[in-house]
K.L.:
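Could you have a look at this structure, given as C-alpha cells, before my questions?
Numbers restart at 1 for each chain; the letters A, B, ... are given by sequence-line order, proteins then strands. Quantities reported herein were computed from a predicted structural model and do not represent experimental measurements.
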Protein chains: 4
Amino acid sequence: MARPKSDDKRSAIMVAAMRVIVKQGLSAPTAVIAKEAGVANGSLFTYFPTKADLFNQLYLELKLGMAAASLQEVPTNGSLREQFSKMWSNWMRWAMAEHDKRRALALLGVSDDITRETRMSAHQAMVHIAALMERSRANGPMRDAPLGLVGALMNSMAEATMDFMAQDPVNADAHSKVGFDALWRMLG
Amino acid sequence: MARPKSDDKRSAIMVAAMRVIVKQGLSAPTAVIAKEAGVANGSLFTYFPTKADLFNQLYLELKLGMAAASLQEVPTNGSLREQFSKMWSNWMRWAMAEHDKRRALALLGVSDDITRETRMSAHQAMVHIAALMERSRANGPMRDAPLGLVGALMNSMAEATMDFMAQDPVNADAHSKVGFDALWRMLG
Amino acid sequence: MARPKSDDKRSAIMVAAMRVIVKQGLSAPTAVIAKEAGVANGSLFTYFPTKADLFNQLYLELKLGMAAASLQEVPTNGSLREQFSKMWSNWMRWAMAEHDKRRALALLGVSDDITRETRMSAHQAMVHIAALMERSRANGPMRDAPLGLVGALMNSMAEATMDFMAQDPVNADAHSKVGFDALWRMLG
Amino acid sequence: MARPKSDDKRSAIMVAAMRVIVKQGLSAPTAVIAKEAGVANGSLFTYFPTKADLFNQLYLELKLGMAAASLQEVPTNGSLREQFSKMWSNWMRWAMAEHDKRRALALLGVSDDITRETRMSAHQAMVHIAALMERSRANGPMRDAPLGLVGALMNSMAEATMDFMAQDPVNADAHSKVGFDALWRMLG
DNA sequence: CATGAATGAGCGTTCATTCAT
DNA sequence: GATGAATGAACGCTCATTCAT
C-alpha cells in the first residue's frame, strides 16, 4: 500500500488543493494549498513529489468518487431505462452536492499536468457506467457507432447539463430531466 | 505618420500566439509568442496592452472564424435538416482543417483571462447558428426546454464529436455523421 | 546660437518636463513628457539627445530663472540689509508663485543625472546673490568662515523656509520674515 | 522551527542596501542588493515584502541610529549651550564616521517610496533633539516662531554643514564649529 | 524635421522545489 | 518526519532610444 506517512495529512492536502483550485485556479501556489491544509510549505512535498503529482492523484480520486456516487443504489433488476435514469440522477445530484469537487475536476481535466496514464486510470473507474451505456445503445440507432464516441457524447451532455443546473439551481431537477431525456432520445 | 501599426504584424502575433498556445499551453511566455511572430519582445505590447488582451482578442477572432466557416454556403431554401446538416458538416470540417485553431480555442475557453464581455461578444457571433438550432427544435420534444440548455447540449456534442474525429481522422466523416444523427435525434 | 529647430517645441518640452516631474517624479517616462508637450515620442530626442540632457538643461534654466527673479528690483542704493531683504523676499515670492518650478528644481537637484558641470554653471547664476551675501557677512562673525559654507547655510535656510511656507501658505509672509531674520542673525 | 529567519541576514540585506544605494542610487536593482548581501535574489523578499518596504525600514533604522548617536553622552547637568553643543558635535561626528549612512539617508529622504508613516516614526526618534532645540530658543528671538520652522531651519543647517565637512574633511572640526556657532546665533 | 512603431535590456516579484534545523 | 527559510529561474511589462516612413 503506497500510503506512507500520515493519511490524515495526505487527505487534508487533497481537500485543500480542491478548495484552493476552485477559488484560485490551477495556478494556485503550493504554498497556499499547504496553508489551507494546515501543514507547512515543504510538507506538501513529502506527500506528493511534485505539484503535478498532487494534481494527478486529486483528479483520480475525484473521478473515482464521482463514479462511485453515480452508481449508488442503481437497481440491478429494474429496466435498463430505470437503471440508466437512476445513474444519471445520481450523477447530477453529486454534481450539485459536490459543486467544488466538480469544478475542480473540470479544471483538472483540461490541465496539461494530468498525464495520459491518469486519464486512463480514471477511465477505468467509469467501466460500470460505460457498460450501462453500452447496453442502452445496443439495440438502438447507435449500435454501430464507436463506443468511445458514444461515451464521449454522453459525457459531454452530462457536463453541459451539470453546468446549466449549476447556473440555475432552482430548476435543477427539471434541467436534469431534460438532459436525461435528450440523452435517451439520442441513444434510442 | 511614421511606420503605421501593421495589420500584418498584428495578425502574425495572433497566429503565433495560437500556435504557441497549442504547443505550450496558456502559460506560454509572451517572449516565445513574440519570437514565433518574428517581432521583438516589447513589440507584442504595442499591439496588445497585456497578455490577457491578446488572449481575449484571439479568442474572439477564432470564434468568429469558426462561426463564419460554419455558415458558409448553408442553403437558405433547403429543408431545415439540410441547412442544419450543412452547418454541422462545415463546423466539423473547420475543426479538422483548423485543428490548431480549435485546440487554442478550447484552451482559451477555459482561461480565467477571457472576460465576460469577450464571451458575450463571441456568443453574438453564434446567433445564426443558434437561430438554426432554435428552429430545429421548435416542434420537437425539446420545444419547452430552456434554449440555453439546448444550445449547451448541442455545443458539447459538437465538441465531443470533433475531439473524436481528431483522434481518428481516417473515419472523420463517419464520426461526423454519427454526431449529427445523434444531435438530430435528440432534437427531435 | 545653439538653438536649432523650433524654439517653441524646445521650450514646450521643457515646460512639460517640469510639470510631469512634479506630478510623477524623475522617473516619469519621456513618452509622458512628450505627450504633455504635444510632440511625438521621438521628437523629444531631436531636441535633447538624452533624457539626462533634458534634465540638465531644465535644471539650469530653472535655476537661472530663480536667480533672475531673486534679483529683480533690488535697490542698488539702499542699505545692505534692505538689498538683502528685498532679494530674500523676491526669492520667497518666486518660490510661492512658481511652486512647480521649485518642486522640480528640488527633485532635479538630488538627481544623479545632473552633472557637476551643470551644477557649476548653475552656481554661476548665483554670483550676484553670493556677492550680496559676501558683503553681508564681511564684517560679522562669519567673516572668516569659508564662503562656500556660508552660502550653503544660506541656501539651506532658504529651502527650509520655502518648504515651510508651502505647507502653510496662509502665513507665508510671516514665515518668510522669520527665515530672513534668522539668516540675518546668523550673518550678524 | 526550521531555519529561523536570521537577524544576521536581515541586517546584511540592510547594510547591503545602504551601500548599494550610495553607489548606484535608489534605482539600484534588488538583485544587486541581494548579491551584495550574499543572499539569493528571492531571499530578499522573505525579509522584506517589497523593495519599498526595505527602503522604509532602512530609512527608519538609519534615522534612529543617527538620533541615538547624536544624544550619546549629552550632559544632563551642563548648560543648555553645552548640551546642545555636545549634541551637535555628536551629530556631525556621526555624519563623518558614517558617511555612507548619511548619503543613503539623504537619498531615501527624498524618495517617494518612504511613506508618511515612516517619516512620522522617524520624527518620533528626534523628539529629544527637538526638545533641546525647543529649550534653546525659548527665551530668544525665535520664541514666537513656529516650532516646525525652527526645527526645519536647524535641520537644514546641520545638513549643509555636514555636506561641507564631507567635501573638506581635513577641516571638518572647524566647519562643525562654524555651523554650530551660526545655529546658536540664529537661536539667539 | 516629425512621427510613432520597433527594439531589447532590464526590473520587481513569484513560486516550485530543496535543504538546514 | 515536520518545518519554513533559501534558492534562482522565469515572467509580464516598461521605457530610453533608434529608425523607417
K.L.:
Measure from CG on C/Asp7 to P on E/dC1 and round the result to the nearest Å.
P.N.:
14 Å
K.L.:
With sequence neighbours excluded, what pairs up with D/Phe45 under the side chain to side chain contact (heavy atoms under 4.5 Å, CB included) test?
P.N.:
D/Thr30
K.L.:
Show me the pairs that pass salt bridge (Lys or Arg N to Asp or Glu O under 4.0 Å) and involve residues 43-54 of chain D, at least two apart or across chains.
P.N.:
none
K.L.:
Run the side chain to side chain contact (heavy atoms under 4.5 Å, CB included) test against C/Gln124 and tell me which residues pass, sequence neighbours left out.
P.N.:
C/Val127
K.L.:
Using the side-chain heavy atoms of B/Lys5, tell me which of these nucleotides is nearest: F/dA2, E/dA5, F/dA6.
P.N.:
E/dA5
K.L.:
If the threshold is 4.0 Å, N to carboxylate O, is there a salt bridge linking B/Glu159 and B/Arg102?
P.N.:
yes
K.L.:
Output, in order, the C-alpha distance, side-chain angles, deciding distance and verdict of side chain to side chain donor-acceptor pair (under 3.5 Å) for A/Ser121 and A/Thr118.
P.N.:
CA-CA 5 Å; A/Ser121 296; A/Thr118 300; over 6 Å; no
K.L.:
Looking only at heavy atoms, what is the nearest atom pair of D/Leu108 and D/Ile21, with distance?
P.N.:
CD2-CD1, 4.1 Å
K.L.:
Return the value, rounded to whole Å, for the distance between atom CZ of B/Phe48 and atom P of F/dT14.
P.N.:
16 Å
K.L.:
Of the nucleotides E/dG4, F/dT3, E/dA6, which has the atom closest to the C/Ala40 side chain?
P.N.:
E/dG4
K.L.:
Taking A/Tyr47 for the side chain and A/Leu54 for the main chain, is one N or O donor matched with an acceptor at less than 3.5 Å?
P.N.:
no
K.L.:
Rounded to the Å, how far apart are B/Ile33 CD1 and F/dC13 P?
P.N.:
11 Å
K.L.:
Is the closest basic N to carboxylate O distance between A/Glu61 and A/Lys101 below 4.0 Å?
P.N.:
no
K.L.:
A/Asp8 has an atom CG; how far is it from atom P of F/dA2, in whole Å?
P.N.:
11 Å
K.L.:
Would you write the dot-bracket representation of DNA chain E, where each base gets (, ), [, ], | or . depending on whether it forms a Watson-Crick or G-U pair under 3.5 Å and with which partner?
P.N.:
.||||||||||||||||||||
K.L.:
Is A/Lys35 touching bases, backbone alone, or none of the nucleic acid, heavy atoms closer than 4.0 Å?
P.N.:
nothing
K.L.:
Considering residues at least two apart in sequence or located in another chain, which fulfil the side-chain hydrogen bond (donor to acceptor under 3.5 Å, both in side chains) criterion with D/Asp100?
P.N.:
none
K.L.:
Figure out the CG/C1' separation between C/Leu44 and E/dC1, and round it to whole Å.
P.N.:
15 Å
K.L.:
Protein within reach of the bases, or only the backbone? For nucleotides 10-17 of chain E, mark each nucleotide 5' to 3' as B, S or -, using heavy atoms under 4.0 Å.
P.N.:
-SSBBSSB
K.L.:
Side-chain N or O of A/Lys9 versus OP1/OP2 of F/dA2: is the shortest distance under 4.0 Å?
P.N.:
yes
K.L.:
When all nucleic acid strands are considered with a 4.0 Å heavy-atom cut-off, which category describes B/Tyr47: base, sugar-phosphate, or nothing?
P.N.:
sugar-phosphate
K.L.:
With respect to the side chain of B/Ser43, which nucleotide from F/dA6, E/dA6, E/dA2 is positioned closest?
P.N.:
E/dA6
